[in-house]
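In what follows, a structure is listed as structure tokens, so that the remarks can point back to it.
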Amino acid sequence: MTDDRTVIKAAKVCGAFAFTVLLALLFAVQFDFYYDLNDDTMIKDILSGAYTGRPSGFCIQMLYPLGWCIALLYKAIPTVAWYGLFLCLCQFGVFFLIAVRLLSRMRRLWSQIAALVVETVLVLGLFLRQFVVIQYSVTAGICMAGAVFLFLTAPNTDKPSVFFRRNLLPLMLVVLSFMIRTEVCFMLLPFLLLAGMAKWCGEERFFTVANFRKYLTLIAAAVLCMAAVYSLDLLAYSGSEWSSFRSFFDARTKLYDFYGLPEYEQHQDFYESIGLSRESYTLLENYNFALDESIDTWRLEAIVSYQEQLAQEGIGLKETFGLVSKKSFKEALWQYKNQLQSRHSLVSMTIIVLYLLYVLLCVVPARGKVRVNAVFWLLVLVFVRSVLWLYLYMVDRLPDRVTIPLLMMELVVLLGFWLGENGHAVRQPSASVYIEAISVSRAAKIIVTLLCAAGAALVLLGSLRSVQAEYDRRAAADARWNAMMDYCRKNGNNYYVIDVYSATSYQGASYSEKIFTDVNNSYKNFDYCGGWAAKSPLARQKLARHHFRDLQNALIGTAYFVVQPGKQLDWIVQYYQKRGITVTPKCVNQIRTAASEPAFDVYKLTRKK
């Protein structure tokens with residue numbers, strides 16, 4: 001009997017693996033995998049050595065131990081797209097683990113097939129873009145979502161050692177998410193804590209030695225692992241240059257992502273008090289702050305403190321419960337009410353359907369204390385998701401790389417509650433038991449299957465059309481970005497500085513790169529005039545490679561300035577004029593695509609003697 005179970009289990013694992021590989025191949029054939037934003041390509045460039053000329057684990061956004069490992073792979077085999085491959089393996093790996101768990105929960109063949117179909121429809125229909133246009137923050141969210149699902153659906157056991165082994169994969173996924181994007185991991189942590197409490201309260205008795213050993217050991221292991229990798233990260237960045245830069249990085253993030261810049265004319269006295277001229281303020285506005293060395297940590301922190309002071313006086317930003325935000329609680333509540341009208345309405349509608357299914361299958365059939373417990377955990381889930389969404393609306397921080405992980409997590413928690421043995425803190429049959437118990441005729445199965453297939457086809461068709469439309473826009477952006485990179489490679493002895501907003505997107509499609517097509521990790525002799533890596537030790541190392549002290553001197557030296565066609569450069573002339581330097585921008589070349597369309601203008605700043 002044991003051998004038969006082992007064979008069946010192995011067969012299910014092999015089936016899930018084959019299914020995942022086929023799905024990944026389908027994505028690869030239908031779509032080329034993309035890095036989503038230039039943030040992702042910057043991380044890739046740092047890790048691969050394309051940024052400074054040598055692979056480095058100091059990729060700033062991810063924790064150093066993970067960055068060091070990926071950089072080591074690039075040192076071994078530079079021609080492989082290790083970073084992109086790692087992100088894809090994380091995402092499809094989670095898909096595989098969920099598929100294995102679903103197959104293990106279902107005994108009948110038709111229910112196993114149905115489970116895989118549902119998983120595929122959810123991934124392709126709701127999150128196809130996130131699986132082919134890769135963003136590292138979303139990858140961190142997928143790892144966290146996978147950890148919660150695997151934890152909620154893990155078989156029950158009273159033995160602490162068995163419990164720990166069964167939850168080792170969720171533990172590893174949490175730590176992996178923490179290393180990929182710490183902020184996303186922390187944002188989703190309340191869902192993980194909710195899952196843990198629901199699971200613990202689902203035990204027959206809460207206060208037992210075995211339960212304390214089971215759950216506290218798992219929590220302690222997670223905390224120790226995260227503390228270990230974070231300590232290694234702190235140690236790696238402990239040098240004076242990196243410590244100073246991280247303070248600058250934190251101040252820049254707080255200013256741009258959460259507070260924003262007060263208008264210069266309305267607050268001129270303050271800006272003059274910290275020595276920030278109108279010309280330097282313009283650099284902060286257009287994100288080309290790397291040009292000005294006087295824009296340092298102290299000045300950025302001073303602007304942040306000034307914004308907080310204004311909020312306390314009821315000017316500009318709002319202050320609610322001690323939180324300084326761009327919108328009031330009332331404004332956030334209004335937006336939260338209209339959430340279904342957002343661009344993720346299909347995902348939100350799917351989540352509402354799952355809430356209804358949970359109520360119908362887990363709440364309605366229950367009685368007495370069982371029903372009370374089921375409703376309680378449902379309300380706790382709604383409370384957790386509401387607090388997080390209201391916070392995001394208040395700080396006005398709602399890019400897809402933040403909202404998509406939240407939606408994914410809520411979806412898998414609901415599925416975990418629905419399929420888990422005691423996700424709703426009661427010992428009653430899970431939804432998988434109900435599904436297995438359904439006894440219908442062959443004709444009924446065929447009809448239900450056809451209806452499900454028709455609905456799935458409609459959802460998938462809409463998703464495919466949406467992603468294909470984005471790919472068409474990215475093709476136009478690609479033509480321009482690749483032309484710029486080719487131009488820089490052909491003029492390898494020169495150094496190019498790119499205007500930040502000219503390097504973000506073209507007609508709504510982000511400038512980025514394909515992950516596995518035309519992989520080129522050779523050194524890039526250009527850099528942005530701002531961005532999150534600006535003024536880092538790596539950026540200064542890059543400048544030093546071309547014998548420049550800073551960007552200000554580089555642009556009046558031998559470096560070139562690259563902008564989108566037709567962009568006015570009065571601001572840069574005024575910036576140098578403020579410093580007693582008269583420059584004249586002269587367009588010396590225009591980068592064109594293969595179809596001879598203008599892509600970028602190349603300027604030389606001529607200094608008047």
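The minimum heavy-atom distance between Val138 and Ile404, with the atom names listed, is CG1-CG2, 4.2 Å. Ala534 and Ala290 get closest at one heavy-atom pair: CB-CB, 3.8 Å. Residues Leu283 and Asn286 come closest through the heavy atom pair O-OD1, 3.1 Å. Considering all non-hydrogen atoms of both residues, Cys59 and Ile46 come closest at CA-CG2, 3.8 Å. The nearest pair of heavy atoms linking Ser348 to Leu407 is OG-CD2, 4.3 Å.
Residues in residues 586-598 take part in these salt bridge (charged side-chain N to carboxylate O under 4.0 Å, His left out) pairs, two or more places apart or across chains: Arg480-Glu597. Note on residues 545-567: pairs passing salt bridge (charged side-chain N to carboxylate O under 4.0 Å, His left out), not counting sequence neighbours, are Asp499-Lys567. For residues 40-60, the pairs satisfying salt bridge (charged side-chain N to carboxylate O under 4.0 Å, His left out) are Lys44-Glu513, Asp45-Lys524, with sequence neighbours left out.
Under a 3.5 Å cut-off, the side chain of Trp82 and the backbone N or O of Leu47 do not form any donor-acceptor pair. Looking only at distances, no side-chain donor or acceptor of Ser177 sits under 3.5 Å from a matching main-chain atom of Cys143. Looking at Tyr511, its side chain never comes within 3.5 Å of a backbone N or O of Asn38 through a donor-acceptor pair. Using a distance-only test at 3.5 Å, with no hydrogens or angles considered, a donor-acceptor pair links the side chain of Tyr256 to the main chain of Leu284. Between the side chain of Ser536 and the backbone N or O of Ala539, at least one donor-acceptor pair lies under 3.5 Å. With Ser325 contributing its side chain and Val395 its backbone, the two residues share no donor-acceptor pair below 3.5 Å. Remark: the backbone N or O of Pro78 is paired with a side-chain donor or acceptor of Asn521 at under 3.5 angstrom. Formation of a donor-acceptor pair under 3.5 Å by the Arg607 side chain with backbone atoms of Ile581 is not found in this model. Looking at Asn525, its side chain does come within 3.5 Å of a backbone N or O of Asn491 through a donor-acceptor pair. Under the 3.5 Å distance criterion, the side-chain polar atoms of Asn553 are left unmatched by any main-chain donor or acceptor of Phe548.
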For this session: Test salt bridge (Lys or Arg N to Asp or Glu O under 4.0 Å) on Glu293 and Arg579 and set out the steps.
Result: CA-CA 12 Å; Glu293 287 297 315; Arg579 279 147 183 77; over 6 Å; no
For this session: Quick one: do Val497 and Asn288 satisfy side-chain contact (heavy atoms from CB on, under 4.5 Å)? Show the steps, please.
Result: CA-CA 10 Å; Val497 181; Asn288 289 310; over 6 Å; no
For this session: Apply ring-ring contact (aromatic ring centres under 6.0 Å, His included) to the pair Phe600 and Tyr487, showing each step before the final yes or no.
Result: CA-CA 10 Å; Phe600 294 92; Tyr487 177 86; 10.0 Å; no
For this session: Assess whether ring-ring contact (aromatic ring centres under 6.0 Å, His included) is satisfied between Tyr34 and Tyr471, documenting all intermediate values.
Result: CA-CA 9 Å; Tyr34 261 104; Tyr471 263 67; 5.2 Å; yes
Problem set entry | Phe92/Phe131 under ring-ring contact (aromatic ring centres under 6.0 Å, His included): CA gap, chis, key distance, verdict | CA-CA 8 Å; Phe92 284 102; Phe131 271 77; 5.5 Å; yes
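Between Lys514 and Asp32, at least one side-chain nitrogen of the basic residue sits less than 4.0 Å from a carboxylate oxygen of the acidic one, meeting the salt-bridge criterion. Ion pair Arg129/Asp36 flagged as a salt bridge, since at least one NZ, NE, NH1 or NH2 atom sits closer than 4.0 Å to an Asp/Glu carboxylate oxygen.
Taking the six-membered ring where the residue is Trp, Tyr306 and His267 present perpendicular rings, their angle passing 60° and hence far from 30°. Using a 30° and 60° split on the angle between ring planes, Phe289 and Phe248 fall in the tilted class, from 30° to 60°. Ring-plane geometry between Phe19 and Phe95 is classed as parallel, the angle between the planes falling under 30 degrees on a 0 to 90 degree scale with a further cut at 60. Aromatic ring pairs are classed by plane angle as parallel below 30°, tilted from 30° to 60° and perpendicular above 60°; the pair Phe249 and Trp532 is perpendicular.
For the pairing with Asp400, the side chain to side chain contact (heavy atoms under 4.5 Å, CB included) check across Thr403, Leu398, Val402 returns one residue only, Thr403.
Using a 3.5 Å distance cut-off with no hydrogens or angles, the side chains of Tyr336 and Ser386 do pair a donor with an acceptor. No donor-acceptor contact under 3.5 angstrom links the side chains of Gln564 and Tyr506, judged on distance only.
Counting heavy atoms from C-beta outward, Leu291 and Ile572 have side chains that approach closer than 4.5 Å. At least one side-chain heavy atom of Met484 sits under 4.5 Å from a side-chain heavy atom of Ile498. Inter-residue side-chain proximity for Ile303 and Leu276 is flagged as met; some heavy-atom pair is nearer than 4.5 Å. Here the side chains of Leu300 and Ile295 are in contact, with some heavy-atom distance below 4.5 Å. Residues Leu310 and Leu317 are not in side-chain contact: their nearest non-hydrogen atoms beyond the backbone lie 4.5 Å or more apart.
You'll find the ring centres of Phe31 and Phe33 outside the 6.0 Å limit. A distance of 6.0 Å or more separates the ring centres of Tyr528 and Tyr287. Between Tyr560 and His546, a ring centre-to-centre spacing not shorter than 6.0 Å is recorded.
If you take CG on Asp250 and OG1 on Thr297, they are separated by 9.0 Å, rounding to the nearest 0.5 Å.
Both the sub-6.0 Å distance and the 45° axial angle are not jointly satisfied by Lys327 relative to the ring of Tyr393.
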